[in-house]
There are 2 protein chains.
Amino acid sequence: MSRASGTRQRIMDVAQEAILRKGFDATSIEEIVASVEITKSGFFYHFPDKNALALALIERHIEVEDALFDDLFGRARELSDDPLQTMLIGLKLLAELIADMPNQHPGCIVATAAYQDRLFNRDVRASNRKAVLGWRKRFRAMLDEIAAIYPPRDEVDLDAVADMVSGQVEGGIILSRALEDSSILPQQVVLLRSYIKLLFSPPVQ
Amino acid sequence: MSRASGTRQRIMDVAQEAILRKGFDATSIEEIVASVEITKSGFFYHFPDKNALALALIERHIEVEDALFDDLFGRARELSDDPLQTMLIGLKLLAELIADMPNQHPGCIVATAAYQDRLFNRDVRASNRKAVLGWRKRFRAMLDEIAAIYPPRDEVDLDAVADMVSGQVEGGIILSRALEDSSILPQQVVLLRSYIKLLFSPPVQ
DNA sequence: GTAGTTACTTTACCGCCGGTACAGTCGTGC
DNA sequence: GCACGACTGTACCGGCGGTAAAGTAACTAC
């Protein structure tokens, strides 16, 4: 890692921690550079403006989260050949993982951007959209596999069900933060798992 | 309505519209007062600071939303004596209502506060918490009625299921905004309805 | 009918923050 | 040894949240 990319990385790490803790706007460039121990000019050498920092954080986050999901559902697939079981195991693992990193979930970054539309430029919003569509595609593929074997017990749009994974996480984060109770987020993921289970489980005879 | 409360109301109306459109931070006091046609000092006569405006908006929002839910589930109750059917009808009405007011859903205010913690003071966060707990209590009562008749088909925490209503709405808003597709939010509410239906429906024989 | 209160306006100012401009510096790689 | 990359230092700008305080028009109580 070169000197430049090291500094850039450190700016992003410090910024991400602060932004997740208190929001994008409440995190000043001046406080970031103080923490990284560079000057303000040093910051603007790496990022043309604060927006570019947000963009870099979102794009890095998508990569990290994709890798995490790959790992998680990869392990789940090793544990079962059945696509429904794989999904249920994966969601359980996700709930456990999330429970262990209470305030660190990066979905926040997407939501922050969603809620401060005019604060961010088109690039940031496009990247945000890309992230959500990526998750939809991932989970839609898994749901298709499941639905091919287990006909859903209710008439649903599988894209919407796929979106529900992201939605449940984002909504869970908001509730967790609003109530200052970190157990809510994993609990909401568990409920999503319960829905998937009920939706695709063959009727008991 | 006195002159003062009229002006206060107008400040809040203008502010709410702007905040929902572009976020709390991106909405300046100067632009609010320009739109209301008062001076900056006039604003600070009514609100000690911007935080107090946020607090007033959240508290007004809770009242409006409570009244809306009262009306909605009241109508649903008129349409069926069965608590499960009442819940399902109410969620359907909610989905329709939300579909008709694409970007206007005020849940945004709660989320905005949740995502900009340090930007708001303790009062705002307390009010926020109160709102979410109020929704939990409302839906928990309905779920208790349902569960007394229809035993749930999966082991779930009913408080968590109650929270899921708020969570699904908040998450749906984020997805709708991120994808700029207003149909996602009502769709997510429909999925919640599907879950409640599957969770409490007696098994088909 | 006038004194006091309410609901503001006017003017002037402060400090923080995002951002710009630009010259200077210091280490590394060729 | 020199060019380039990765910064530092200094100085400045405008917008925004917020403060201070004096002035004023309209209503309201007595």
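Order of the sequence lines fixes the chain letters, A, B, ..., with proteins taken first and strands second; residue numbering starts at 1 for each chain.
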| task | Would you tell me whether Asp82(A) and Tyr150(A) have side-chain atoms, one donor and one acceptor, within less than 3.5 Å of each other? | result | yes
| query | Any idea which of dC7(D), dG17(D), dA21(C) is nearest the Ser41(A) side chain? | reply | dA21(C)
| Where do Gln188(A) and Ala160(B) come nearest, in terms of heavy atoms and distance? | NE2-O, 3.0 Å
| note | Whole-Å distance, Asp49(B) CG to dG18(D) P, equals 5 Å
| message | Classify Ser28(B) by what it touches in the nucleic acid, base, sugar-phosphate, or nothing, heavy-atom distance under 4.0 Å. | response | sugar-phosphate
| message | Does a side-chain N or O of Tyr45(A) approach OP1 or OP2 of dC7(D) to a distance below 4.0 Å, or not? | response | no
| Shortest non-hydrogen separation from Ile184(B) to Gly172(B) and the atoms involved | CG2-O, 4.4 Å
| said: Nearest whole Å is fine: how far is dC14(C) P from Ile29(B) CD1? | reply: 19 Å
| Side chain of Thr7(B): nearest nucleotide among dC7(D), dC8(C), dC16(D)? | dC8(C)
| query | Nearest-Å distance, CD1 (Ile38(A)) to P (dT10(D))? | reply | 17 Å
| request: Check the pair Val161(A) / Ile196(A) against side-chain contact (heavy atoms from CB on, under 4.5 Å), numbers first and verdict last. | output: CA-CA 9 Å; Val161(A) 179; Ile196(A) 302 283; 3.8 Å; yes
| task | Would you state whether a donor and an acceptor, one from the side chain of Thr39(A) and one from the base of dG9(D), lie under 3.5 Å apart? | result | no
| task | Measure up the Phe69(A) and Phe73(A) rings against each other and bin them: parallel (under 30°), tilted (30 to 60°), perpendicular (over 60°). | result | perpendicular
| query | Does His46(A) place a side-chain N or O at less than 4.0 Å from the phosphate oxygens OP1/OP2 of dA6(D)? | reply | no
| request: To the nearest Å, give me how far apart NZ (Lys40(A)) and C1' (dC16(C)) are. | output: 9 Å
| message | Output the rounded distance in Å from CZ (Phe47(A)) to P (dC7(D)). | response | 11 Å
| remark: To the nearest angstrom, the CG-C1' distance between Leu53(A) and dG19(C) comes to 14 Å
| Length of the CZ-P vector between Phe43(B) and dG17(D), whole Å | 9 Å
| Mapping Phe44(A) and Glu31(A) to their closest nucleotides on DNA chain C, which lands nearer the 5' end? | Glu31(A)
| message | Tell me the interatomic distance from Ile11(B), atom CD1, to dC8(C), atom C1', rounded to whole angstroms. | response | 11 Å
